[in-house]
Structure formats: structure tokens, C-alpha cells
Amino acid sequence: MLRFCSRNVPGQPLRVLNARCTSRIASLPFGTSLANVRSQTFDHVPWNGLSARSLSSSAAAVNIVVPSDQLGFAAGNSLRDLPISNADERKVSVLWSPQNWSRFHHIWLRDHCRCADCFHPVTKQRLVNTFEIPPDIKPVHVQSTKEGLEVVWPSTSSEFHSSFYPWSWLQTHTYDPPAQAAPHSERVHYIVFMTKDFFADRELSRKVLWGSSISKAPPTITYKEAMDESDRGLYKWLANIDLFGFCLVSDVPPTPGATEKLSERIGFIRETQYGKFWEFTADLSKGDTAYTTMALGAHTDNTYFTDPCGLQLFHLLSHTEGSGGATLLVDGFYVASILKELYPELHSIISRVPIPAHAAGEPSALYQPNAPSGYPVLAHDIVTNELVQVRWNNDDRSVMSRLDPSLVEDWYNAIRVWHKLLTSPDSEYWIQLTPGTVLSVDNHRVLHGRSAFEGKRRVCGAYIGVDEYRSKLTVLREKFDPKFKFAAQGRDHKAGGRSIWSPAL
Ligand SMILES: C[N+](C)(C)CCCC[C@H](N)C(=O)O
Ligand SMILES: O=C(O)CCC(=O)C(=O)O
């Protein structure tokens, strides 16, 4: 049963507009003032017109306290001004608007309390002991306030425990139903010119997939922008990489020193068997074909690492006494989207068959991923199923000794088609790098390679860990992206400048 009651302003009408609550007793037409039904009880029935699913099957006497003085509704206003909340045996339901509501399990809400006793305001770590929360915990009081939802819990000690959840935080983290994810990526055949408002309205983590036409307007920033201490240019640089999977940096002094300093603007350089900040040329000084004049097909680096590097920076410092050595880029997400569309069963095979890999060119090192079978070419988020990583280097692939015998021919067919799409003229973006232009590549998405060359060719660059890159991008988003700004009107802890309600936590 639901008992509507208003608080704080006795006798004031409790007006709920746009919400309809159907009960066996009566249905409430739009705009009904509930004042006269304040004491009326309603069996717990589906909110008519709000959702096919009932809010709860079990009848439970709960108080809905929606202080009428805080409703502030004029006739016809939407519910968006103040969501209605109610609690049943196991969940709190929040009615955002006539067609939208969410449900949060009591245990989930209690576990996610962010008061200073439950969530460290500086370290942003959970303090509440999840495992001491009674599995059947129920609030003694639920209240909608202007800033968010207030829930009062029974507590073993004498006093109650009060939790607060900002509306925007609940909307960000709604899981029943899940927040409507914006389409993750869009395949464009034209080039989107990077205007500042282009960034402003982009959904975070959106991707712009591209083919060879990216050559018309490759994402580029200047060295001056990247080095600017305001970090605005750095944000633009990383936002470009996040959107396109790569970005050029122009007007960079053609020296290893300037390139290293540029790399470190993103984060600390990841040291590997090739060194920290590396320079390489065709002298086989390291046991890898990158240190030769050979052509290298489109690949991602470090498939032999459990955690392949996130970014790779290349700067062609000089090339004399010969030609060639053009750089190849292929958007692995773009090609995967085509494979999925045209050959879904092959897409499924390379998304599930693991590939072992090794780096064994240095006598003092033999790298293999921690999973003995390796990892599939395409890795997807386990919940959203969005593509998050491409791992492909056919040269560094080890023996396929764990292939299901019934899959051998299909697997070879799958990688053959994958390779055909990767090497299609529509997928390939060739660029002849020159001294002064640094190429930065998301090694989890964009494959790179090069054409064969003659002469003396010197390249320098660095690896940056994927977590260092993504952390810097998130910190810059907090600084520059209004979507990341959170204002809980005084209900916030901002130790270290970061809100406890940051969408990233
Ligand atoms: C970038 N640097 C020249 C240092 C090393 C290149 C090693 C590339 C290796 N075959 C891989 O795919 O990871
Ligand atoms: O020499 C180049 O331009 C690229 C070499 C390469 O693919 C690599 O180092 O992974």
C-alpha cells in the first residue's frame, strides 16, 4: 500500500503532475491534487502509463514524503523538477518523468552511501563494511529533496544512518533500467572538422571511425598547443586520440629531447625491453624487425604483453640516402565494425579465439602474455559488449596449439578475411612522416605499419601505458568538460578538487 503524505507544510496540497497512479480504488487524472487523498492508501499497482512493469509486486506500507513546499510545481510543470521516490520491501523507486523511472536495491543504496563515514572524502575509497550491511536492509524513511534522494536507514547503534544521493548521480548510475548508452561509435566517410563545440556536445567515449578518407583532414594539434601550461591543448590532443584513435602533433622541434618532453606531457613513459624513450634505425640493435628496412604490415604493438601499451608516439627524425618508410594507419574499430556487419560469424570467431604471442628476439628476454593461450584479436566490454581493444600482430603470433580442431579452417578463414579488410585501400591511411610531425597512436585501437625503405632512417618515440593515458584524459575532462562538473549544492566533499560524486568513481 502506498500512503501519500506531505510534510513540512501541513494542509498544503501535495500536487503531483504528469504522474498517474492507478489503484483499485481510483485512478488519478492528470493534475490531481493529492491533498484530499493524503491519507488514502493505494494498493501497490503499476504506475499507469509510466511503465509496463509494476514498481513492486509486494505490498508494503511505506511513507512517501514529498514535502509540498519543495514541489514548486506550477500546473503543467514536469516531474523533472522533483522526482518522486518511494520504497518497497527491497527497492527504492524514483520516478523521473511519466515515462522514466529507476529502481535501486536497498542493499545497493546502503553500500553506495558516500557520507564521510562510509566513503573517504579524500581518498575516495569505501569505508562502509559492505559485509555488515543486513542483506534485507530497508529504509525507515525515504525523501525527495531538491538536490537528491535522502534515505534514513535503521542502525544497530541508537541513532539512524542518513544517506544522500544527488539526482544526477542516481541518473548516471541507474541500472534498472540501465542508463541509455549513447551509440558508442559512428562510422563516418567524411571528415569531421574538429571545432571546439564539436567536443562540447560529444558524448564521452564516443568514437569516430574512419577509413582512408581521414587523409583529407587527419586530427592534428600544434606542439605549442600541446605544451601550453593551461592544458587546454593537451586536452584537445587526448580528446582527439580518444575520438579518432590517433592525432598528429605538428611543428615539434625534430629532436629526441623535444619529443620526450612532449611524450611526458601525457604521462610517464613506459619502459620496455626496447628502452624507455627509444630511438631506432635499421641496425637490428634490438631483436625485432622494426630495427630493419623491411615493410611491416598493419599491427598493434606488444601483443606479447599481458597489458599492451596504450599510446605509441613516433617521430621521424631523419631519412637520408634513400626513400620509402611511409607510415600506415588502420582504424581497427572501423574494420571490426565492417567485419561484424558483413561476416558476423567470422567477427565472433576472432572475438573469442585466443592468440598466443611472444617477443623472443632478445637473448635476455622472452615475453608471453600471462594467459598461456593469449588473447583474442577483438576484446569487448563484458557488459556493454562495446569493442575496447584490438590485438593484432601476425608476425609475433606463436604456435596456435590450443585451437579447437573443428575450428582450424574457420579460424584461418576468419583471419584471412580480417586481413583482407585491414589491407583494403578503403581502410588504409598512408602518411609520409617528416621531421617535425609526431604521430601519436592509440595502440588498443589503431594498427600501424610502414612500407619498406632504403637508406638511413632514424625514428624516436615512446610507449605510454593505457592507464596513464586514460587517467590523464579523465583528469583533463574533469577540468574542462562541463559534463564532468558536478554540483551537489553544498552536499559535496571536494577534497583534492575531486567531487565524491564524480561520474568516474
Ligand atoms: C617501437 N619500438 C621500435 C621500440 C619497438 C617495436 C617493436 C615492435 C614489436 N614487433 C611489437 O609489435 O610490439
Ligand atoms: O618504423 C616505423 O615507422 C614503425 C615501426 C613499427 O611498426 C614499430 O616500431 O612498432
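What you see is a predicted model; the values in this text were computed from it and never measured. Order of listing sets the numbers, starting from 1, for every ligand and every atom in it.
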Of all the non-hydrogen atoms in the protein, which one sits nearest to atom 12 (O) of ligand 1, and at what distance?
-> N393 ND2, 2.9 Å

Is it true that the side chains of T327 and W430 contain a donor and an acceptor less than 3.5 Å apart?
-> no

Closest to atom 4 (C) of ligand 2 among protein heavy atoms sits F314 CE2, 3.9 Å

Can a salt bridge be assigned to the pair D242 and R470 using a cut-off of 4.0 Å between side-chain N and carboxylate O?
-> yes

For residues Y223 and D228, is any side-chain donor paired with an opposing acceptor at under 3.5 Å?
-> no

Hey, what's the ring geometry for F246 with W210, parallel, tilted or perpendicular (30° and 60° as the breaks)?
-> perpendicular

Using a strict cut-off of 4.0 Å, indicate which atoms of ligand 2 neighbour a heavy atom of R457.
-> 1 (O), 2 (C), 3 (O)

Should the proximity of D396 to ligand 1, defined as any heavy atom under 4.0 Å, be assigned to the side chain, the backbone, both, or neither?
-> side chain

Atoms in ligand 2 with a heavy atom of H448 nearer than 4.0 Å = 6 (C), 7 (O), 8 (C), 10 (O)

Any idea which of F280, W392, Y463, F314 brings a heavy atom closest to atom 5 (C) of ligand 1?
-> Y463

Would you check the N or O atoms of N302, main chain and side chain alike, for any that come under 3.5 Å of an N or O of ligand 1?
-> yes

Within less than 4.0 angstrom of ligand 2, does V459 place any heavy atom?
-> no

Q312 near ligand 1 by a heavy-atom separation under 4.0 Å = yes

Nearest heavy-atom contact between C113 and H161 is SG-NE2, 3.5 Å

Can you list the atoms of ligand 1 that are under 4.0 Å from a heavy atom of D288?
-> 7 (C), 8 (C), 9 (C), 10 (N)

Please identify which atoms of ligand 2 are closer than 4.0 Å to at least one heavy atom of L296.
-> 5 (C), 6 (C), 7 (O)

Main-chain N/O of W108 paired to H105 side chain as donor or acceptor, under 3.5 Å | no

Is the NZ or CZ atom of R457 both under 6.0 Å from the centre of the six-membered ring of F453 and within 45° of that ring's axis?
-> yes

Short N or O distance, W278 and ligand 1, threshold 3.5 Å exclusive | no

Going by atom types alone, do Y469 and D467 pair a side-chain donor with an acceptor below 3.5 Å?
-> no

Return a yes/no value for Y304: is any of its N or O atoms, backbone included, closer than 3.5 angstrom to an N or O of ligand 1?
-> yes

Here the atoms of ligand 2 under 4.0 Å from any heavy atom belonging to A290 are 9 (O)

So, N302 and Y463: side-chain donor and acceptor under 3.5 Å apart, yes or no?
-> yes

